[in-house]
Amino acid sequence: MWTGKYVRSPAIRSLFMNMAGSEVAAIDTQEWYRCSPDLLGESLEPLFIQSHLDADTKAFLKRSVEKSGWLLTQLYHSLVSTVLSPLVSRTSINGFLGRGSMFVFSTEQFQQLLRIGPEWRAEKLLDIGAGDGGVTEVMRPHFREVYATEVSLPMKWHLQRRNYKVLGINEWQQTGFLYDVISCLNLLDRCNDPLRLLKDIRRSLVPNTGRLILAAVLPFQPYVEIGGQWQRPKEYVKVEGKTWEEQVTYLSNEVFRWAGFEVEAVTRLPYLCEGDMYNDYYVLDDAVFVLKALDNSEHTAH
């Protein structure tokens, strides 16, 4: 479940916003980034990248705190959500209302994960399940062409307004070209056939240099939203392990290798969402991987 930072008092809210860049705020958020790399195993330990609360993340939190204080707006959002929730998905409601923006990584964290500099450029990016395109915007400057997929119609409108090339969910695999980077952020636990998705992604990457950026909420609890109802996916992936480190290790050694990928880098980040009239923001625990395709001989051997 999402957990939220609850700050209702105007005085406390002002204090929090003023301290957004201070050590006091960082103390409250340090658990978001904590990892014991020695618990990841010999192969993964050297691939772990330690992330920190940075300026872009603080700015997102500050905006979320401000917006959650817009009382009349939040009351309207709450009313519309109550009326529409039995009929349409939460994602589409958020798209219609223009709320619920997500934050996965900052520009600096993205560059650190891919080991690239600000001037690095490639041809094609595909963001699968891009939502309103807010996270896509972080990656966009590094690519000459940006493609996105999204199931929700209101979210597609947001993507088109940002001038992304929106592809159908059964179209991106059959375009006749390959992608330099594919991002699949917090989607694996929310789709009906995650293993087939991974296989399709592997086939759609530029050979040798193509990379998959994949974020997964941990603990891994897969379900899909159909007609406002939550259901177990057709292709259910069970991830073993009780700790963040154990589940990262299982995903890396079992799920990803089965799909033909190996880990190039991994970090721990908070998956943040704008708040509402009840919470200033919501946060889930993310593992963010950079994956590269195994060559065919290694994949077959596995």
Side-chain angles (χ1 to χ4, degrees), residues 1-5 29 31-35 48-64 67 90-91 94-95 99-116 125-143 146-152 155 158-159 162 164 179 181-191 194 197-198 201 211-222 244 247-248 251 256 263-275 280-291:
M1 295 292 292
W2 289 101
T3 58
K5 183 70 181 174
T29 58
E31 288 297 323
W32 294 351
Y33 305 92
R34 190 183 303 279
C35 172
F48 178 75
I49 295 174
Q50 181 62 60
S51 297
H52 306 277
L53 183 71
D54 64 9
D56 286 359
T57 312
K58 291 172 187 174
F60 180 86
L61 291 171
K62 184 177 180 180
R63 288 195 303 272
S64 296
K67 290 174 75 170
R90 184 191 309 170
T91 301
N94 286 341
R99 71 165 193 183
S101 290
M102 306 292 188
F103 186 96
V104 179
F105 42 63
S106 66
T107 297
E108 180 183 345
Q109 290 161 350
F110 173 72
Q111 292 172 355
Q112 188 179 30
L113 272 168
L114 274 184
R115 298 187 179 93
I116 59 174
L125 166 71
L126 170 66
D127 191 6
I128 301 176
D132 66 2
V135 182
T136 322
E137 199 71 22
V138 174
M139 302 181 280
R140 181 180 198 162
H142 293 285
F143 299 90
V146 179
Y147 299 84
T149 75
E150 179 55 55
V151 174
S152 163
M155 289 301 186
H158 286 288
L159 293 170
R162 291 178 184 263
Y164 297 133
Y179 307 94
V181 173
I182 295 178
S183 55
C184 179
L185 305 175
N186 302 302
L187 182 64
L188 207 62
D189 59 344
R190 294 295 176 266
C191 68
L197 174 63
L198 287 173
I201 289 173
R211 294 294 183 267
L212 165 61
I213 302 178
L214 185 144
V217 172
L218 300 181
F220 195 80
Q221 298 172 330
W244 187 89
Q247 291 215 343
V248 164
L251 280 168
F256 298 153
V263 176
E264 193 167 72
V266 60
T267 192
R268 184 173 188 170
L269 290 171
Y271 176 27
L272 298 166
C273 177
E274 287 179 344
D280 289 327
Y281 58 84
Y282 292 91
V283 58
L284 290 171
D285 207 0
D286 247 356
V288 185
F289 301 84
V290 176
L291 303 175

Drop me the distance from S51's OG to D286's CG, to the nearest 0.5 angstrom. 11.0 Å
Report yes if the side chains of V248 and V263 come closer than 4.5 Å at any heavy-atom pair, otherwise no. no
Distance in Å, L269 CG paired with W32 CH2, rounded so as to fall on 0.5 Å steps: 11.0 Å
Atom pair CE/CG of M139 and L126 - distance to nearest 0.5 Å: 9.5 Å
Any heavy-atom pair between the side chains of T29 and P270 that's under 4.5 Å? no
Got a second to check how far I201's CD1 is from I128's CD1, nearest 0.5 Å? 4.0 Å
How far does CG of L214 sit from CD1 of I182, to the nearest 0.5 angstrom? 11.0 Å
How are the rings of H142 and F110 set to each other: parallel, tilted or perpendicular (split at 30° and 60°)? tilted
Scanning both residues in full, the closest heavy-atom pair of L113 with V290 reads O-CG2, 3.6 Å
Side chains of D56 and S106 only: does a donor on one sit below 3.5 Å from an acceptor on the other? no
Kindly check if the number of other-residue, nucleotide or ligand heavy atoms within 6.0 Å of CD (E137) is above 12? yes
Minimal non-hydrogen separation, R34 against R268, with atom names: O-NH1, 2.5 Å
Rounded distance (nearest 0.5 Å) linking atom CZ of R162 with atom CG of D132: 5.5 Å
Would you say F289 and L251 make side-chain contact, with heavy atoms under 4.5 Å? yes
